[in-house]
**Q** 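Can you keep this structure in mind? I'll have questions shortly.
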Amino acid sequence: MENTTQAHQNAAATRPIETALEPHLKPMLTVEQQIAHMKSKGIAFKLVSEEEAAAHLREKCQFFRIYAYRKLFPKRIGGPREGEYVKLGFGHLKALSNLDRQLRDVLLAMTLDIEHFSKVRLLAAAEIQGEDGYAIMRAYRESASENQRSYIDSELDRREHDPYVGAIIRKYRHDMPMWVFCESMPLGAFSSLVKSVPKDGLMRNSMTSITC
């Protein structure tokens with residue numbers, strides 16, 4: 001047994017260690033190499049200097065993310081500069097990255113509010129219509145496609161041991177009322193529940209008439 005263990009240790013010790021010198025499809029570039037690569041693609045550093053760009057890449061936004069916005073710009077066709085981007089500067093990429101982040105921040109706040117008040121409206125409509133919170137879940141489950149049921153089950157499996165919602169999922173997993181589903185499942189699953197409510201039914205009418 002000792003000889004076997006020693007043999008494994010020796011094999012591990014002699015196994016070649018992967019180094020930065022080994023070739024890869026996309027080798028990691030230093031910040032200076034990232035800037036040189038962008039310059040080779042026709043990206044200018046006039047609005048933002050190379051020094052400012054280097055500081056931005058080191059401290060604010062990683063290269064792979066900011067460089068992706070280049071896809072929004074046309075390339076030159078023909079001539080000695082074929083394939084380079086047309087009138088594109090690092091400043092444009094930086095501005096787009098900042099706008100994207102700001103838009104995400106706004107949309108996140110809006111989405112959280114929409115999710116919260118949609119749940120409030122759904123539960124209020126259920127009370128108005130005398131819904132017990134279980135019938136709607138059975139109807140939702142029965143009307144769901146195989147892919148939707150698989151998605152719901154995978155989310156329940158993933159969250160069953162979550163420190164925040166795991167306990168209530170384990171308790172109600174096989175007979176889950178609407179209010180537990182609303183508070184323990186992600187927005188995508190909740191959205192599919194709302195969509196399952198008949199558009200011409202009393203429940204839907206109640207939801208649209210409630211002011212939160």
Side-chain angles (χ1 to χ4, degrees), residues 26 56-73 92-212:
K26 288 288 185 180
H56 187 76
L57 290 169
R58 286 194 175 97
E59 301 168 8
K60 301 292 185 179
C61 186
Q62 57 110 343
F63 170 71
F64 196 69
R65 178 184 178 85
I66 198 169
Y67 188 52
Y69 296 100
R70 77 193 188 282
K71 294 290 188 179
L72 300 173
F73 295 86
H92 303 126
L93 300 178
K94 180 182 175 183
L96 284 173
S97 176
N98 289 337
L99 285 172
D100 188 19
R101 179 182 54 77
Q102 292 168 17
L103 177 60
R104 289 168 185 261
D105 289 343
V106 171
L107 291 178
L108 176 60
M110 290 173 58
T111 303
L112 291 173
D113 282 345
I114 290 170
E115 179 183 16
H116 171 74
F117 288 109
S118 293
K119 290 175 179 178
V120 171
R121 287 191 174 196
L122 181 62
L123 292 169
E127 180 180 356
I128 291 171
Q129 297 303 321
E131 165 69 48
D132 65 358
Y134 291 88
I136 188 174
M137 292 304 301
R138 286 193 296 271
Y140 167 56
R141 188 82 183 186
E142 291 170 1
S143 65
S145 67
E146 184 176 341
N147 286 341
Q148 286 176 321
R149 286 194 293 270
S150 177
Y151 164 65
I152 294 167
D153 288 338
S154 66
E155 284 293 337
L156 289 170
D157 290 340
R158 188 170 68 85
R159 293 165 182 265
E160 203 166 50
H161 300 290
D162 183 271
Y164 301 103
V165 299
I168 61 172
I169 287 179
R170 291 192 298 272
K171 182 176 181 178
Y172 296 102
R173 173 79 187 250
H174 302 293
D175 190 23
M176 184 172 288
M178 180 174 55
W179 57 89
V180 172
F181 186 89
C182 287
E183 291 306 315
S184 61
M185 296 294 280
L187 179 57
F190 170 72
S191 177
S192 66
L193 170 62
V194 173
K195 291 176 182 178
S196 73
V197 178
K199 293 183 178 180
D200 57 349
L202 295 175
M203 186 86 163
R204 176 78 69 165
N205 293 336
S206 296
M207 285 181 64
T208 56
S209 65
I210 295 170
T211 302
C212 295

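Remember, predicted model here, so these are calculated numbers, not experimental data.
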**Q** In Å and rounded to the nearest 0.5 Å, what is the CG to SG distance from Leu122 to Cys182?
**A** 5.0 Å
**Q** Who are the salt bridge (Lys or Arg N to Asp or Glu O under 4.0 Å) partners of Arg149, not counting sequence neighbours?
**A** none
**Q** Keeping to residues at least two apart or across chains, list the salt bridge (charged side-chain N to carboxylate O under 4.0 Å, His left out) pairs with something in residues 107-116.
**A** Glu115-Lys119
**Q** If you take all heavy atoms of Ile66 and Leu93, which pair is closest and at what distance?
**A** CG1-O, 3.7 Å
**Q** How far apart are the closest heavy atoms of Gln148 and Ser143, and which atoms are they?
**A** OE1-O, 4.5 Å
**Q** With sequence neighbours left out, what residues match Lys94 under salt bridge (Lys or Arg N to Asp or Glu O under 4.0 Å)?
**A** none
**Q** Does CD in Gln102 sit with more than 12 non-hydrogen atoms of other residues, nucleotides or ligands closer than 6.0 Å?
**A** yes
**Q** Got a second to check how far Leu112's CG is from Leu107's CG, nearest 0.5 Å?
**A** 11.0 Å
**Q** Does any non-hydrogen side-chain atom of Pro177 lie less than 4.5 Å from one of Met137?
**A** no
**Q** What I'd like to find out is whether the side chain of Met176 reaches to under 4.5 Å of the side chain of Leu156, using heavy atoms alone.
**A** yes
**Q** As an exercise, state the distance from OG of Ser97 to NZ of Lys60, rounded to the nearest 0.5 Å.
**A** 11.5 Å
**Q** Are the side chains of Ile152 and Met185 in contact, using a 4.5 Å heavy-atom criterion?
**A** yes
**Q** For the CG atom of Leu96 and the CZ atom of Arg70, what is their distance to the nearest 0.5 Å?
**A** 13.0 Å
**Q** With the side chain counted from C-beta on, respond yes when Arg173 and Asp157 share a heavy-atom pair under 4.5 Å apart, and no when they do not.
**A** yes
**Q** Hey, what do you get for OG (Ser191) to NZ (Lys195), rounding to the nearest 0.5 Å?
**A** 4.0 Å
**Q** Which pair of heavy atoms, one from Glu131 and one from Ile136, lies closest together, and at what distance?
**A** OE2-N, 3.1 Å
**Q** Between Arg65 (side chain) and Gln62 (backbone), is there a donor-acceptor pair under 3.5 Å?
**A** no
**Q** Of all residues at least two apart in sequence or in a different chain, which pass the ring pair (Phe, Tyr, Trp, His ring centres under 6.0 Å) check with Tyr172?
**A** none
**Q** Applying ring-ring contact (aromatic ring centres under 6.0 Å, His included), which residue pairs with at least one partner in residues 137-166 are found, sequence neighbours left out?
**A** Tyr140-Phe181
**Q** Does the side-chain contact (heavy atoms from CB on, under 4.5 Å) test come out yes or no for Val165 and Glu183, once each step is laid out?
**A** CA-CA 8 Å; Val165 299; Glu183 291 306 315; over 6 Å; no
**Q** To the nearest 0.5 Å, what is the distance between CG (Leu193) and CZ (Arg141)?
**A** 12.0 Å
**Q** The criterion is salt bridge (Lys or Arg N to Asp or Glu O under 4.0 Å); which residues satisfy it with Asp162, sequence neighbours excluded?
**A** none
